[in-house]
Amino acid sequence: MAKEKICFVIRQYGLEVNGGAEYHCRMLAERLTTDYDVEVITSKIIDYNTLEEYYSNDIDLVNGVRVLRFSCAPFSKQRHEQSRKNTKFARKVRRNLYRLGLLKGIANIHPVWDLGIKEEEQLLQSDGFYSPEALNYLKENQGQYKAILPIWYVSPFTIYGAQIAPQKTILIPALHDESEAFRSIHTHVFTKVNHIAFNTHEETQLAEHIFGNKMSKNSIVAVGVETDFDEVATQEELTDKFHLPSRYIHYFGRVCESKMEQLIPWFVAYKEKNPSDLKLVLTGKLFQEKVDHPDIIYTGFVSDAEKIGLIKHATLVINPSKLESLSLLLLEAMNLGKTVMVNGKSEVMKGHAIRSNHAAAYYDNEQDFQQIINKYLENPALIQENKQKAMDYVQSHYDWKIILDKLKHLIQEAR
């Protein structure tokens, strides 16, 4: 008997794509191929700065997943920036109501907003990832899918894709407390899709305060953690290739300003105060100007085997981002028994740290950042104490069987 067909919708997809939501999508898509015929509707772009087409094929098969790649509309930076300015008023109204603690109550009575909606439509249609081709394909072929699963709430792929067949749409929003979350157009998505699959309690609470009690049915599904690979690069191989020191703090993911926050200047300042052999190792595609410094090592994009090896041999791992809906970086490192430093401005990661009995450590400012590094460098036994706590936390909350059972149940409920 033929398998039922499902479809993920995301702006970027592929083995070469470096990003949390994109990796989240790939892990789910690949694991669901056992039970479903899985397709992905996406763009041909990798680099969101250049927006150049990287993939030439219209159709690829990636680890059992059929990937349908579409071109995006021509991009004008000037038009996009002007469109963004035109959307400020409506967004600020909603965000100010949220900050005053009033938005949830108003949304309970008035859930769907049209304030500034025309300007927001213009913004989406000027976005570098706006693809009429992809959306037309989904519109024409929606009937063949049992369920449609758009990922990452900001993207035109997600916002428009989720509204094509909302009754069979399971939205995986990866919602953050940021200005983008307060656009009126999201009220048309978050109140009309069949189901919303959140990553954490904190993300769910944020959505409730923005969209109120008329928000679509929802639950916490999240994603499992993948750190078990047949081959893992050895410390000797990694040292030879990347000139690693014996002690380093490791960051992996997109190397960009929105993710890095103050990591580089704070680390440089720390090293000036505390001379040692400790270095900062940054793994991932570079999306910002490179800072040349003797204590910073850039590995670039690496294989999964190399990434896991780099995590395993790190002294500490760090996630400096304040915008996280789950943090695969944190969970992958914890699953390998590592102590992770996280930005306390992220309620999601702070929640992970507290619920794991502080197997991860959160910092609120530069002084905290420096003190935590010194605490663990001076007391390596503490790192060893955290090891089992970190692994137990991930294995009890992010087991693949539990997560896939939840998601398959939602797919079967989609109409």
Side-chain angles (χ1 to χ4, degrees), residues 5-33 36-77 79-80 124-142 144-145 147-162 164 172 174 223 226 229 252-256 258-259 283-288 298-307 328:
K5 187 181 280 194
I6 64 170
C7 170
F8 285 87
V9 180
I10 191 163
R11 72 177 195 170
Q12 294 168 289
Y13 188 94
L15 300 178
E16 303 82 1
V17 175
N18 187 200
E22 293 81 3
Y23 186 44
H24 183 155
C25 181
R26 186 157 65 83
M27 286 196 293
L28 290 177
E30 289 177 4
R31 278 163 182 77
L32 287 169
T33 57
Y36 300 97
D37 181 0
V38 182
E39 292 187 344
V40 174
I41 291 178
T42 190
S43 75
K44 295 181 177 180
I45 297 167
I46 280 188
D47 192 322
Y48 57 77
N49 286 326
T50 66
L51 297 170
E52 292 175 0
E53 292 192 353
Y54 175 87
Y55 299 101
S56 54
N57 292 347
D58 293 336
I59 301 174
D60 281 328
L61 192 66
V62 181
N63 294 338
V65 177
R66 188 167 179 258
V67 183
L68 310 177
R69 302 191 185 280
F70 296 88
S71 295
C72 296
F75 177 69
S76 163
K77 185 175 182 180
R79 178 182 166 224
H80 187 61
L124 287 172
Q125 290 166 24
S126 70
D127 191 281
F129 285 93
Y130 176 59
S131 175
E133 287 181 15
L135 297 168
N136 287 337
Y137 178 87
L138 181 57
K139 209 171 287 183
E140 291 167 5
N141 293 275
Q142 58 179 288
Q144 64 180 284
Y145 299 119
I148 298 168
L149 298 95
I151 296 188
W152 196 48
Y153 80 105
V154 175
S155 165
F157 271 84
T158 297
I159 295 168
Y160 284 125
I164 287 171
I172 303 174
V223 70
E226 183 58 79
F229 293 95
F252 57 97
R254 285 195 181 107
V255 181
C256 62
S258 62
K259 290 288 187 184
T283 292
K285 191 171 174 61
L286 189 65
F287 289 94
Q288 66 178 45
Y298 295 84
T299 70
F301 191 81
V302 300
S303 68
D304 286 331
E306 289 173 330
K307 183 182 85 169
L328 280 170

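Hydrogens, waters and symmetry mates are skipped; everything else that's a heavy atom, side chains included, is used.
At least one donor-acceptor pair closer than 3.5 Å links the side chain of T158 to the backbone N or O of W152. Although no hydrogens or angles enter the test, the distance criterion places a donor-acceptor pair under 3.5 Å between the side chain of S43 and the main chain of R11.
Note that NZ of K44 is 9.5 Å distant from CZ of R69, once rounded to the nearest 0.5 Å. Put simply, CZ on R79 and CG on D127 are 10.0 Å apart, with the number rounded to the nearest 0.5 Å. Summarising the geometry, atom OG1 belonging to T299 is positioned 8.0 Å from atom CD belonging to E306; distances are rounded to the nearest 0.5 Å. Here I151 contributes atom CD1 and H24 contributes atom NE2; the two are 5.0 Å apart, rounded to the nearest 0.5 Å. Here the NZ-CZ distance, from K259 to F252, works out to 11.5 Å after rounding to the nearest 0.5 Å. One distance of note links CD1 of I41 with CZ of R66; it measures 10.0 Å at 0.5 Å rounding.
In this structure N57 satisfies the side-chain contact (heavy atoms from CB on, under 4.5 Å) test together with D60, sequence neighbours excluded. Not counting sequence neighbours, F8 has no partner by the ring pair (Phe, Tyr, Trp, His ring centres under 6.0 Å) test. Contacts of S258 classified as side-chain contact (heavy atoms from CB on, under 4.5 Å), with partners at least two apart in sequence or in another chain: C256. Partners of R254 under the side-chain hydrogen bond (donor to acceptor under 3.5 Å, both in side chains) rule, at least two apart in sequence or in another chain, are Q12, E22.
Identified under the salt bridge (Lys or Arg N to Asp or Glu O under 4.0 Å) test for residues 130-140, with sequence neighbours left out: none. The list of ring pair (Phe, Tyr, Trp, His ring centres under 6.0 Å) pairs with a residue in residues 43-70, not counting sequence neighbours, reads Y48-F287, F70-Y137.
The side-chain heavy atoms of C72 and L51, taken from C-beta on, include no pair separated by under 4.5 Å. Looking at heavy atoms from C-beta onward, Y23 lies in side-chain contact with E226 at the 4.5 angstrom threshold. Between N63 and R26 there is a side-chain heavy-atom pair separated by less than 4.5 Å. Between L28 and L149, every side-chain heavy-atom pair lies at or beyond the 4.5 Å cut-off. In this structure, the side chains of S131 and F157 come closer than 4.5 Å at one or more pairs of heavy atoms.
Here the shortest heavy-atom pairing between H80 and S126 reads ND1-OG, 2.9 Å. Contact detail for P156 and L124: the closest heavy-atom pair is CG-O, 3.8 Å. Of all non-hydrogen atoms in I10 and C25, the two that sit nearest each other are CD1-CB, 3.7 Å. The two residues C7 and L138 have their closest heavy-atom pair at SG-CD1, 4.5 Å. Taking all atoms of both residues into account, the shortest heavy-atom contact from S71 to E53 is OG-OE2, 2.7 Å. Pairing each heavy atom of L68 with each of I59, the nearest pair is CD2-CG1, 3.9 Å.
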